[in-house]
Amino acid sequence: MHKHHSALGLATALRPVQPVTLIRPHAAERAARFFVEKFPGRSLYAVKANPSPDLLQILWASGITHYDVASITEVRMVAKTLPEAELCFMHPVKAEEAIREAYFTHGVKTFSLDSIEELEKIKRATRHASDLTLAVRLRVSSDHSKLSLASKFGAAPSEVSDLLMATRQAADTLGICFHVGSQAMTPRAYTEAMEQVRAAIVQAAVTVDLVDVGGGFPSVYPGMEPPALEAYFAAIHAAFEDLPISYSAELWCEPGRALCAEYASLLVRVERRRGDELYINDGAYGALFDAAHVGWRFPVKLVREDESDTRDMAFSFYGPTCDDLDHMAGPFMLPADTRAGDYIEIGMLGAYGCAMRTAFNGFGDVGTVIAEDEPMASLYTGIEEPRRNSVVTLKRN
Ligand SMILES: *Cc1c(COP(=O)(O)O)cnc(C)c1O
């Protein structure tokens, strides 16, 4: 893969006609080492955030040994890419055939569930195996998160006791898991969920061997600057230590976004300007799904050899497809003289950006290069260098 120092180096050298993904292996490595060293338990990578085999290799080499997978295709792909990795099938509603193949062909022993029906399915599909780790998913609030995961999955408080008792019978290791929603902006999201874990354990009076606090760890975006990740880890650790569980119980988490948001950015070209609207060559059906559909704001930077001396103004983007929905409202702050032919770098697209690209309308092709500079924002720049004034370093250059 080609290497460039930065988006500017790439744009001036190649003047690319198609969008280009810039990957930053050093940023993913730094995030993984941070979780491996500082989370007070085991960190699983949630593969759906970005299933790129290159990224999986980097995370593995940085100490991430367990992977949260949600479909049989993810199981096969991770098993092939990282044959020694431990796979955990954490989707609470699975096809019976998928469970069977995962268990018998790929050695997957950890499954989540949120209903008696799913428990029965797992028992049938594994022929009542005696070496299973089964995690009961609780429904918890997404109130502190930017993207809710509170409606679809999770056993309701009234069902949890019976489900925990039934699962205890079938499990070698019994776990409880939850997901507070993506981009949780305060550690309280986890401490409040841990109160529900406590209530469930007390009510069911079962021995619990594993508590998995799921994903939701934030990254940094314009207008969304979360507290330091250490504050989340400390709050989770304290709440875990307080639970009435087996003294050998394990603590797990499943970060997706936090491990890979900084891994990739995107270089796009402006094809047309209409007032404060820029028509760019990637969009809602490419890496900008969240920017279009949930109004997510990503950092942007004009990539031009002679820096603009005009002040910033607010732009919105149109993507390349012939569809009104292919619109990203932003606002994206860029110099007022931004025009057709200019390149723009859009940052923090490593999670839920590159992973969601489609080929709709013939616009799926994208190049990939390695960039050696720093991501446009980082939650991790404090670890190797002395800490700066703020935990969050937003770079604008
Ligand atoms: C999506 C998902 C994750 C990762 O969530 P992030 O918000 O990206 O950290 C973890 N666990 C499960 C079960 C998920 O569905």
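Everything quoted here is computed from the prediction, not taken from an experiment. Counting starts at 1 for both ligands and their atoms, in listed order.
Applying the salt bridge (Lys or Arg N to Asp or Glu O under 4.0 Å) test to residues at least two apart or on different chains, the pairs with a partner in residues 356-369 are Asp282-Arg357. The ring pair (Phe, Tyr, Trp, His ring centres under 6.0 Å) contacts involving residues 68-99 comprise His91-Phe153, where partners must be two or more places apart or lie in separate chains.
Residue-level contacts of ligand 1 at the 4.0 Å heavy-atom threshold are Ala46, Lys48, Asp68, Met90, Arg137, His179, Ser182, Gly215, Gly216, Glu254, Pro255, Gly256, Arg257, Tyr352.
Between the side chain of Thr81 and the backbone N or O of Val78, no donor-acceptor pair lies under 3.5 Å.
Comment: Glu74 does not engage Lys48 in a salt bridge, judged by the lack of any side-chain N to carboxylate O separation of less than 4.0 angstrom.
Enclosure of atom CZ in Arg311 is not indicated, since only 12 or fewer non-hydrogen atoms of other residues, nucleotides or ligands lie within 6.0 angstrom.
Through direct or relayed side-chain contacts under 4.5 Å between Ile, Leu, Val, Met, Phe, Trp and Tyr, Leu149 connects to no other residue.
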